[in-house]
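Okay, so here's the structure we're looking at.
Naming convention: chains lettered A, B, ... in sequence-line order (proteins, then strands); numbering from 1 in each chain. Keep in mind the model is a prediction, meaning the values are calculated, not measured.
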Amino acid sequence: MLELKAVSRHFGGVRAVDGLDLTVNEGEIVGLIGPNGSGKSTTVNLIAGLFPLTAGEIVFRKQPLRDVPVHGRLKLGIARTFQSIRLFGQLSVWQNLWVAQNSPEDRSRRGFFARWLGGQTQVREEIAQLLEFSALGHKQNELAANLSFGEQRRLELARALAARPKLLLLDEPAAGMNAEEIGQLRQRIVDLRAKGITVVLIEHVMELVMGVTDRIAVLNFGQKIAEGTPAQVQSDPAVKKAYLGGS
Amino acid sequence: MIDFLQNTLDGLALGSSYALLALGFTLIFGVLRRANLAYGPAIMLGCYCATWAYLKTGIGLLFLALIAVAGSTLAGVYVERLCFAPHRKGAAAAAMVASFALWMQFEELATLALPRHLYAFPALYAGGPLSLGRLTLRVESLVMLVAAILVCAALWRILYRSRFGTAVRAVIDSPAAAELSGISVSAVSLQVFALASAIGGLAGFLIVSGNEQVTPMLGMWSTLKGMLAMMLGGLGSLPGAIAGGVALGLREAHSQWYLGPQLRDFIAYLLLFVLLAVRPPWMNTRSAY
């Protein structure tokens with residue numbers, strides 16, 4: 001589904017990502033882990049199109065992404081969440097979801113004027129489902145800026161889902177969450193797979209990564225140093241040395 | 001007392017034309033946080049297109065209004081693509097200077113097509129003014145007032161009740177997050193320019209048909225009055241644009257009566273200078289409509 005072929009991104013002399021090869025298959029949950037500064041978020045930014053590639057190629061469903069703009073990648077089916085939450089704070093929870101319905105299905109279903117100038121009644125059912133999934137139904141009229149941290153995380157995930165993605169990039173979704181919230185997040189990620197969504201998960205919370213992913217790639221200094229099942233990665237000496245603090 | 005009331009009525013009517021101009025300015029400023037100096041000249045070009053069509057064919061007012069709106073909209077889209085789309089990230093001064101260059105271009109185009117300094121434009125209403133007791137009100141002014149109220153209501157409906165308006169406010173809130181939510185910031189910017197220029201075109205048509213004449217100076221006049229009204233009401237605020245326009249109209253009507261017509265514009269521009277020098281608190285707020 002997604003192929004990164006010798007992908008590099010350099011910032012001056014810093015090689016944030018350096019010759020990375022990675023394949024993500026349809027329906028998988030793939031973890032991307034590594035120490036701070038290892039290039040995980042840069043990799044997600046490259047897939048989402050926030051930075052241009054220095055070298056290499058990214059292919060999504062056989063389509064090279066080099067010339068596809070950021071909003072165009074979402075239309076192809078790639079959505080993401082951020083390590084630092086970026087909601088539309090001055091819009092309500094409901095409006096944050098409404099405005100993110102930009103999938104090709106949504107575009108083709110309604111004409112241009114109906115879609116852009118039409119009222120809110122046409123899409124209530126779909127947004128109600130997203131609100132239920134993210135347990136934010138009771139906060140639908142609240143401004144996003146007024147939500148708690150955990151609620152904002154859930155809204156960001158729901159907003160990414162509003163675009164009906166095929167591939168979802170989750171950048172440290174458990175950051176700042178307590179154990180109970182992490183448990184709920186784990187269940188949500190499993191539910192996403194059941195909905196047919198492929199997930200790439202960047203996370204420092206090892207309990208979550210090891211428990212939910214099918215396969216893990218480990219980065220260090222922008223390069224992939226290991227790849228395999230959670231059990232294989234956990235026992236890899238290079239990973240222990242670079243990331244898990246082992247010798 | 002009757003003079004004061006009459007001046008207030010005249011000021012309200014004048015202010016509603018300024019409010020319409022300021023609404024378009026505010027729409028653009030709210031999204032881009034940049035002043036579009038070619039806003040007025042785009043309106044002037046639309047009105048010149050209508051004048052040209054009138055001189056060639058003698059068509060009716062409704063068609064002239066459509067031509068003025070369409071011409072201003074196309075000119076606005078041209079300005080956005082040439083001046084603002086290439087400088088969306090940073091380079092605010094470059095975009096503003098580029099819009100000044102298009103201002104010159106539009107004036108040249110207008111004078112090439114219609115070389116005389118002044119052209120007659122058909123009157124919106126040929127009859128006399130309405131009598132309200134001892135007060136009088138021109139029908140053109142009443143139409144302007146009603147148009148300003150209707151446009152403001154329609155804009156509010158678009159910005160706060162439609163998905164397009166929600167997308168515009170999302171872009172103002174976070175352009176990066178908007179792109180990642182599948183909203184094309186470039187397309188929204190273009191659409192906002194088109195909408196603002198269409199409102200400007202309507203304002204321009206009502207102004208020239210009320211004055212029954214059109215000159216190339218309409219461009220500079222519209223930019224300055226629109227910008228001044230926007231600044232008076234607070235940058236990027238729709239209610240502020242209306243309030244600023246009305247305040248400017250009232251101030252002009254009263255100062256013209258009490259100080260004489262020679263000082264009317266002088267005081268308007270002095271006010272702009274003082275506002276820019278003092279920068280009162282409401283000018284520094286980041287309103288998103």
Going by the side chain to side chain donor-acceptor pair (under 3.5 Å) test, which pairs reach into residues 154-166 of chain A, not counting sequence neighbours?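 Every side chain to side chain donor-acceptor pair (under 3.5 Å) pair that includes a residue of residues 154-166 of chain A, provided the two are not neighbours, is A/Ser103-A/Arg164, A/Asp106-A/Arg164.
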Residue pair B/Arg163 / A/Trp98, side-chain heavy-atom distance below 4.5 Å: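 Of all side-chain heavy-atom pairs linking A/Trp98 with B/Arg163, at least one is under 4.5 Å.
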Counting C-beta onward and ignoring hydrogens, is there a side-chain heavy-atom pair between A/His71 and B/Ile183 closer than 4.5 Å?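 Of all side-chain heavy-atom pairs linking B/Ile183 with A/His71, none is under 4.5 Å.
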For the side-chain contact (heavy atoms from CB on, under 4.5 Å) test, which of A/Thr81, A/Val70, A/Ile78 pairs with B/Leu180?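 That would be A/Val70.
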Rounded to the nearest 0.5 Å, what separates atom [atom1] in [X] from atom [atom2] in [Y]?
X	Y	atom1	atom2	answer
B/Ser184	A/Leu74	OG	CG	12.0 Å
A/Gln95	B/Thr166	CD	OG1	5.0 Å
A/Arg86	B/Ser181	CZ	OG	11.0 Å

Just checking heavy atoms, which of residues 43-64 of chain A are less than 4.5 Å from chain B?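 Checking residues 43-64 of chain A against chain B gives A/Ala48, A/Leu50.
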Evaluate whether atom CZ of B/Phe100 has more than 12 neighbouring non-hydrogen atoms of other residues, nucleotides or ligands under 6.0 angstrom away. no
Atom CZ of A/Phe11: over 12 foreign heavy atoms under 6.0 Å: yes
